[in-house]
There are 2 protein chains.
Amino acid sequence: MRKKVKLSLIENATTRRKTFLKRKEGLLKKVDELATLCDVKACAVVYSPYQSTPEVWPSREGVEEVVSNFMECSVRERTKNMVDQETFVRQSIAKENEHLNKLREENRNSQIKEFMFGCLEGKMEAHHLDGRDKRDLKSFVDKYLNVITHKIEILTKNGESSSSLPPLIADAAAPINLNQNPNVEEHEDILSMENNHQEPVTARLAALTIADADVSAPNNTKKL
Amino acid sequence: MRKKVKLSLIENATTRRKTFLKRKEGLLKKVDELATLCDVKACAVVYSPYQSTPEVWPSREGVEEVVSNFMECSVRERTKNMVDQETFVRQSIAKENEHLNKLREENRNSQIKEFMFGCLEGKMEAHHLDGRDKRDLKSFVDKYLNVITHKIEILTKNGESSSSLPPLIADAAAPINLNQNPNVEEHEDILSMENNHQEPVTARLAALTIADADVSAPNNTKKL
DNA sequence: CTGTCTATAATTAGCGG
DNA sequence: ACCGCTAATTATAGACA
């Protein structure tokens with residue numbers, strides 16, 4: 001499997017040169033596209049140990065024009081929209097961290113959902129929940145129940161006001177029969193629940209609501 | 001389906017601005033990566049109507065350093081590795097055309113293969129072949145037959161010299177029975193034929209070889 | 001307009017010739 | 001070294017908030 005390259009100096013000289021040539025190509029293409037699509041003046045200068053003279057885009061004159069315009073600004077002006085490399089990298093890192101946190105969030109949510117549905121199939125014993133897990137699970141179950149309750153209300157009202165649509169949903173007190181499809185791999189997202197699991201699940205969910213999901217000392221250990 | 005953007009000035013100003021912002025980001029990131037991965041000095045200057053001062057990477061000093069190095073070269077030197085935009089675009093077009101031709105080639109090959117296998121299932125009547133089609137089909141069939149013949153030779157020799165491996169392939173003179181799997185969708189590539197179709201097909205293919213695949217006036221019409 | 005999301009297009013790392 | 005290929009990563013167009 002192709003590995004995701006680490007963003008740091010490529011040690012192997014052959015590889016480094018190859019990468020350089022490929023990426024320089026790509027870069028010049030990007031500059032060209034940017035200029036063409038958006039009608040802006042731009043230039044790039046790349047100064048490598050592989051060629052005695054720097055390579056530039058779009059042409060010597062083009063570079064000189066852009067650069068002289070740049071040089072004409074006062075230093076104050078020049079500095080205004082400037083991104084120095086350190087700031088740039090810091091910003092990139094910040095962005096990546098944000099993204100990472102989002103992924104962690106998603107991941108945790110999936111685990112909780114997985115666990116919740118696992119419980120409904122009676123596989124509760126395998127996990128040890130700490131305080132945070134319990135709190136999050138409770139809030140997840142609550143959210144789920146709210147959605148279901150809301151749906152039931154809507155549909156009940158519809159069923160009463162207009163008998164033309166047959167009630168789509170079983171009464172919440174109806175007997176529960178979950179295991180008809182015992183190996184469900186994907187559980188639908190709670191916010192986009194269509195019409196699969198939610199009806200007969202209700203009562204069980206309510207029963208499942210964790211009794212002591214309260215206030216143990218906050219504990220950030222991630223295991224769930 | 002997201003459409004492949006046409007490489008020309010974006011008419012809609014809002015879209016153009018959005019594209020500009022996104023692509024400028026991407027571009028600066030690429031410059032950063034190139035410099036980091038390959039340890040080269042590089043800079044980019046983008047001069048847009050959206051900001052009063054040009055945006056640069058990696059920093060004012062960085063740009064000035066790279067640019068002054070550039071300016072120090074004699075004009076002759078400067079011009080050496082220069083790519084002016086016109087040449088650049090011409091090269092891009094040439095490359096794209098090459099690619100296009102390769103795709104045409106592939107496409108034609110697929111059609112011929114498709115047709116050949118179609119014939120083996122008796123669906124020959126639907127097509128009208130011109131001279132070129134016939135020639136290409138003949139050469140395709142010949143190639144195919146060569147591969148098969150070669151395989152048979154190899155395997156026959158193996159079978160004789162060492163009876164430990166049972167012959168994997170039927171004798172070419174054996175009765176033909178193609179239609180056991182009548183709706184084959186994918187035919188394996190002729191160069192990587194493993195062990196599916198080729199054996200019983202041989203004799204039929206030979207019989208199919210187009211009688212008059214010869215020398216009608218060259219005709220470039222593409223229909224097959 | 002500015003930002004987020006997602007499906008698709010584009011780039012490119014690693015490999016084999 | 002340089003090409004071409006393909007599978008993987010990355011960029012981004014377009015839709016939406």
Side-chain angles (χ1 to χ4, degrees), chain A residues 1-38 40 42 44 46 48-51 57 81 88-89 91-103 105-107 109 189 191-192, chain B residues 1-38 40 44 46 48-51 57 88-89 91-107 109-110 189 191-192:
Chain A
M1 199 173 313
R2 167 182 162 183
K3 80 174 185 229
K4 169 165 162 165
V5 291
K6 177 162 73 115
L7 196 58
S8 68
L9 181 69
I10 296 169
E11 297 294 345
N12 181 302
T14 309
T15 307
R16 187 163 67 246
R17 182 190 158 85
K18 254 183 56 165
T19 298
F20 170 72
L21 291 172
K22 278 184 175 181
R23 279 178 172 254
K24 177 173 60 59
E25 272 307 289
L27 187 63
L28 295 186
K29 190 164 168 222
K30 288 284 187 196
V31 180
D32 182 65
E33 289 179 358
L34 184 65
T36 305
L37 289 169
C38 305
V40 297
V46 180
S48 79
Y50 306 110
Q51 316 226 199
W57 187 99
N81 287 326
F88 184 83
V89 170
Q91 283 174 351
S92 305
I93 290 172
K95 223 182 232 174
E96 282 306 305
N97 271 333
E98 221 176 310
H99 188 207
L100 176 58
N101 281 332
K102 188 151 56 186
L103 291 181
E105 187 77 10
E106 274 175 28
N107 188 38
N109 235 336
D189 188 292
L191 295 177
S192 62
Chain B
M1 199 172 316
R2 167 182 162 183
K3 80 171 186 234
K4 167 165 162 166
V5 290
K6 172 161 81 116
L7 195 57
S8 68
L9 182 70
I10 296 169
E11 297 294 346
N12 181 302
T14 309
T15 308
R16 187 163 67 246
R17 182 189 159 86
K18 255 184 68 157
T19 297
F20 171 72
L21 292 172
K22 279 183 174 181
R23 279 179 173 253
K24 178 172 61 59
E25 274 305 291
L27 187 63
L28 296 185
K29 191 165 169 221
K30 288 284 188 195
V31 180
D32 183 64
E33 290 179 358
L34 184 65
T36 306
L37 290 169
C38 305
V40 296
V46 180
S48 80
Y50 307 110
Q51 317 226 197
W57 188 98
F88 184 82
V89 171
Q91 284 174 353
S92 305
I93 292 173
K95 223 181 229 173
E96 283 306 306
N97 271 333
E98 219 177 311
H99 188 206
L100 177 58
N101 281 332
K102 186 151 59 188
L103 291 181
R104 286 218 176 96
E105 186 76 10
E106 273 176 29
N107 188 38
N109 235 334
S110 297
D189 188 292
L191 296 177
S192 63

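Order of the sequence lines fixes the chain letters, A, B, ..., with proteins taken first and strands second; residue numbering starts at 1 for each chain.
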**Request:** Report the distance from atom CZ of A:Arg16 to atom P of C:dT12, rounded to the nearest whole Å.
**Result:** 18 Å
**Message:** Go through it in stages, so that I can follow the logic: the residues are A:Lys95 and A:His99, the test is side-chain contact (heavy atoms from CB on, under 4.5 Å), and I'd like the CA-CA distance, side-chain angles, deciding distance and then a yes or no.
**Reply:** CA-CA 6 Å; A:Lys95 223 182 232 174; A:His99 188 207; over 6 Å; no
**Request:** Take A:Leu103 and A:Asn107 through the test side-chain contact (heavy atoms from CB on, under 4.5 Å) and record every step on the way to the result.
**Result:** CA-CA 6 Å; A:Leu103 291 181; A:Asn107 188 38; over 6 Å; no
**Request:** Take the angle between the ring planes of B:Tyr50 and B:Phe20 and call it parallel below 30°, perpendicular above 60°, tilted in between.
**Result:** tilted
**Request:** Report the distance from atom CG of A:Leu28 to atom C1' of C:dA10, rounded to the nearest whole Å.
**Result:** 16 Å
**Asked** In whole angstrom, what separates A:Phe20's CZ from C:dT12's P?
**Response** 13 Å
**Request:** Summarise protein proximity over nucleotides 10-17 of chain D in one line of letters, 5' to 3': B for base, S for sugar-phosphate only, - for none, counting protein heavy atoms closer than 4.0 Å.
**Result:** SBBBBB--
**Prompt:** How close or far is atom P of C:dG14 from atom CG of A:Leu21, stated in whole angstroms?
**Reply:** 15 Å
**Asked** Nearest-Å distance, CG (B:Leu7) to P (C:dA9)?
**Response** 16 Å
**Asked** To the nearest angstrom, how far is A:Ile10 atom CD1 from C:dT12 atom C1'?
**Response** 11 Å
**Prompt:** A:Leu103 has an atom CG; how far is it from atom C1' of C:dT6, in whole Å?
**Reply:** 14 Å
**Prompt:** Between atom CD in A:Glu11 and atom P in C:dG14, what is the gap in whole Å?
**Reply:** 14 Å
**Message:** Let me confirm one number: the OG-CD distance from B:Ser8 to A:Glu33, rounded to the nearest 0.5 Å.
**Reply:** 11.5 Å
**Message:** With side-chain contact (heavy atoms from CB on, under 4.5 Å) as the test, pick out the partner of B:Thr19 among B:Lys22, B:Arg23, B:Arg16.
**Reply:** B:Arg23
**Message:** Any base atoms under 4.0 Å from B:Lys6, or only sugar-phosphate, or nothing? Heavy atoms, all strands.
**Reply:** nothing
**Request:** Enter the distance from B:Phe88:CZ to A:Leu28:CG here, rounded to the nearest 0.5 Å.
**Result:** 5.5 Å
**Item:** DNA chain C: 5'-proximal contact among A:Lys102 and B:Thr14 (nearest heavy atom)
**Value:** B:Thr14
